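Let me begin by presenting the structure, written as structure tokens, before commenting on it.
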Amino acid sequence: MQAKTPEQSKTIMTDLVLPSETNPLNNLFGGELLARMDRCASIAARRHSRRIVVTASVNHVAFNRSVPLGSVVTVEAKVSRAFKTSMEVFIDVWIEDRESGLRDKANEAIYTFVAVDETGRPTTVPEINPETELEQQRYAAALRRKQLSLVLAGKMKPNEATELKALFS
Ligand SMILES: CC(C)(COP(=O)(O)OP(=O)(O)OC[C@H]1O[C@@H](n2cnc3c(N)ncnc32)[C@H](O)[C@@H]1OP(=O)(O)O)[C@@H](O)C(=O)NCCC(=O)NCCS
């Protein structure tokens with residue numbers, strides 16, 4: 001299987017915030033943003049693996065800024081690291097200013113997807129070669145995040161999490 005770059009999985013989705021998607025403060029409902037990020041990230045994971053993909057975990061979400069009604073929201077997702085059957089996907093969320101057209105970073109998230117076959121069994125994915133400095137940083141930290149996610153899910157013993165132990169020793 002030929003290795004790919006994060007850029008090859010890049011997926012960008014732009015959409016408005018409509019009244020039915022807001023909370024009582026007229027800002028985008030958190031669950032709506034989670035769904036948009038999940039859709040965008042799943043396409044990125046599919047582009048990397050060319051397989052059926054399922055969301056295995058939401059590792060991190062930071063709702064740093066509220067997103068007002070009427071905003072133009074852009075969700076951008078890229079695979080940051082591929083393991084054996086799983087892929088970490090980084091998602092950046094931007095709001096576009098109506099007058100200047102400039103984009104401001106609003107939120108970010110990290111999801112994990114697993115490539116599966118038609119019966120739902122995990123299947124291998126291509127390796128990934130990060131190119132830019134940011135891609136290399138995200139790639140380097142991904143194993144630590146994977147181990148943390150597995151420990152929190154009860155799928156890895158804390159004393160087996162080599163990357164986490166290295167942080168504290
Ligand atoms: C995700 C799923 C396929 C994993 O199946 P599994 O039997 O645990 O398979 P494995 O133990 O072989 O794990 C497969 C990969 O997922 C990774 N993984 C599993 N759970 C994870 C978690 N919580 N966080 C990070 N990675 C995880 C494993 O580390 C492994 O990665 P690797 O092969 O790249 O090393 C399975 O749990 C599933 O189908 N879940 C439901 C998915 C779904 O429906 N999502 C939408 C929810 S509405």
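For clarity, every value in this text was computed on a predicted model and none was experimentally measured. When a ligand or atom number is given, it counts from 1 through the structure's own listing order. Hydrogens, waters and symmetry mates are skipped; everything else that's a heavy atom, side chains included, is used.
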Of the choices Q147, K155, R121, which has the non-hydrogen atom that lies closest to atom 8 (O) of ligand 1?
K155

Just need the protein heavy atom nearest to atom 38 (C) of ligand 1, so name the residue and atom and give the distance.
V54 CG2, 4.6 Å

Nearest to atom 16 (O) of ligand 1, what protein heavy atom do you find, and at what distance?
V114 CG2, 3.2 Å

Taking 4.0 angstrom as the limit, do E88 and R145 come out as a salt bridge?
yes

Identity of the nearest option to atom 25 (C) of ligand 1, non-hydrogen atoms only, from A153, S149, G154, S86:
S149

Among all protein heavy atoms, pick the one closest to atom 29 (O) of ligand 1 and tell me residue, atom and distance.
K146 NZ, 2.8 Å

Provide, to 0.1 Å, the distance between atom 6 (P) of ligand 1 and the closest protein heavy atom, together with that atom's residue and name.
P122 CG, 4.6 Å

among protein heavy atoms, the one nearest atom 18 (N) of ligand 1 is L150 CD2, 3.9 Å

Within the structure, does at least one protein heavy atom fall under 4.0 Å of atom 47 (C) of ligand 1?
no

Short N-O contact, E118 and R51, less than 4.0 angstrom
no

Could you measure the distance from the CZ atom of R81 to the CD atom of E127? Nearest 0.5 Å is fine.
10.0 Å

Write down the atom of P126, the atom of S49, and the distance for their closest heavy-atom approach.
CD-CA, 4.0 Å

Residue and atom name of the nearest protein heavy atom (relative to atom 1 (C) of ligand 1), distance in Å to one decimal
A56 CB, 3.8 Å

Is atom 21 (C) of ligand 1 in close reach of the protein, with a heavy atom under 4.0 Å away?
yes

Tell me, with the steps shown, if T74 and T14 meet side-chain hydrogen bond (donor to acceptor under 3.5 Å, both in side chains).
CA-CA 4 Å; T74 297; T14 301; 3.0 Å; yes

Who's the nearest protein heavy-atom neighbour of atom 33 (O) of ligand 1, and how far?
T85 OG1, 2.6 Å

Among protein heavy atoms, which lies nearest atom 45 (N) of ligand 1, and at what distance?
T55 O, 2.9 Å

Ligand 1 atoms nearer than 4.0 angstrom to some heavy atom of T112 are 25 (C), 26 (N)

May I ask you to decide whether R138 forms a salt bridge with D92, counting only side-chain N to carboxylate O separations under 4.0 Å?
yes

